[in-house]
Colleague: 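One structure follows; several queries about it will come next.
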2 protein chains.
Amino acid sequence: MSSILPNKPVRGSGSGVPIMALFDILGRKWNMRMLWSLRQGALSFRSLQAECGGVSPSVMNARLKQLQAAQLVLLGEGGYELTAMGRDLMDRLDPLREWSAQWSAILEE
Amino acid sequence: MSSILPNKPVRGSGSGVPIMALFDILGRKWNMRMLWSLRQGALSFRSLQAECGGVSPSVMNARLKQLQAAQLVLLGEGGYELTAMGRDLMDRLDPLREWSAQWSAILEE
DNA sequence: CAATATCGCTATCAAAATAGTAGCAACCAG
DNA sequence: CTGGTTGCTACTATTTTGATAGCGATATTG
C-alpha cells in the first residue's frame, strides 16, 4: 500500500501540493463516506462497513490503513473514530450539506 | 455512462441523499482536481487534460460528461468552465486549502 | 490550394482499483 | 463446548483507470 501523504509525490500528480494529496485521498471511493459516517461517533469495522453499503472488507481495510496513516482516523476503544484533525476536516466539509441540498433542488427541476 | 444525480440511486448507496450523490461524484478520480483547476478560468479539453497530469482522454471525456450532467461544468466559448453552481461548490471547498496546509505541517513532523 | 496545427473526442488494450464471497483466529457469553 | 461477535486476510471477478494511436473538423499559414 502506497502511503499517500502531503509533500510526497501523489497519485497522478508529483507536485506534492498538500491539497492535491487531500484530493487524492478524498478522490478514492468510500473515503469521504467513511469519514462522514464517523462524524457521529466511533464505529466498529463491521458497522462502518454496513454504513458504507457493504464495501468489500479488503477495500475497507486498505482505506482504514490509509486514513490512519494520514492521521484522520484512529482505532480506539469503541472502534474506529475520527482524530481531531479528521473532525476538523469534516467540519470544514459541512457547508457541503447545504450546498448539496440546493444542488439537488435545482437538478430536480 | 450512468448519470449520477441527487435523489436517484447512487453508486454504492441507493439512499439518494444529496450529499451522498456529491460524494459519489467527488469520490471519482480527477473530478475534484478538474473542478479545482477550472476555478482559475475556462480551459480547453487538452489544457485541462494537461492540468491533470495527462489523464486519459477517455476518462477526461467521461468525467466532463458527468460534470456537465451535474451542471457543475459547461462547455462555453473559451472552453470548459465552471457553472455558477460549480463555482459555489469550489468556494465552499476553499477552507480545505488552509486545512491541508496545517495537515501537511503536522504530518511532516 | 496544400501543409500544418489545433480542437474535441473515440477506439483499443493493458494495468490497477474495487467488488463479492468465504473463511480464519481471537475474544467473550452462556 | 456452542454460539456469537470482533478485525481482518485470501481469492477471484468485475469495473475503472491508464496509455497510446488516431480520426474528423476547424483554423492558419504559405
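These numbers come from a predicted model, not from an experiment.
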Colleague: Do B/Arg63 side-chain atoms and B/Lys29 backbone N/O form a donor-acceptor pair below 3.5 Å?
Modeller: yes
Colleague: Between atom CH2 in A/Trp30 and atom C1' in C/dA17, what is the gap in whole Å?
Modeller: 14 Å
Colleague: Let me know the distance between CG of B/Leu43 and P of C/dT6, rounded to the nearest Å.
Modeller: 17 Å
Colleague: Where do A/Met32 and B/Phe23 come nearest, in terms of heavy atoms and distance?
Modeller: SD-CD2, 3.2 Å
Colleague: Rounding to an integer number of Å, can you tell me how far A/Ile25 CD1 sits from C/dA17 C1'?
Modeller: 16 Å
Colleague: Could you list all the salt bridge (charged side-chain N to carboxylate O under 4.0 Å, His left out) pairs where at least one residue sits in residues 39-49 of chain A, not counting sequence neighbours?
Modeller: A/Arg39-A/Asp94
Colleague: Would you mind reading off the distance between A/Lys29 atom NZ and D/dT14 atom P, rounded to a whole angstrom?
Modeller: 16 Å
Colleague: Scan for salt bridge (charged side-chain N to carboxylate O under 4.0 Å, His left out) pairs involving residues 78-88 of chain A, sequence neighbours excluded, and state none if there are none.
Modeller: A/Asp88-A/Arg92
Colleague: Rounded to whole angstrom units, what separation is found between the CE atom of A/Met60 and the P atom of C/dA17?
Modeller: 19 Å
Colleague: Separation of A/Phe45 atom CZ from C/dA25 atom P, in whole Å?
Modeller: 18 Å
Colleague: Given C/dT18, C/dG20, D/dT16, identify the nucleotide with an atom nearest to the side chain of A/Ser58.
Modeller: C/dG20
Colleague: Taking for each residue the nucleotide of DNA chain D bearing the nearest heavy atom, is the 5' side occupied by B/Pro57 or by A/Ser47?
Modeller: A/Ser47
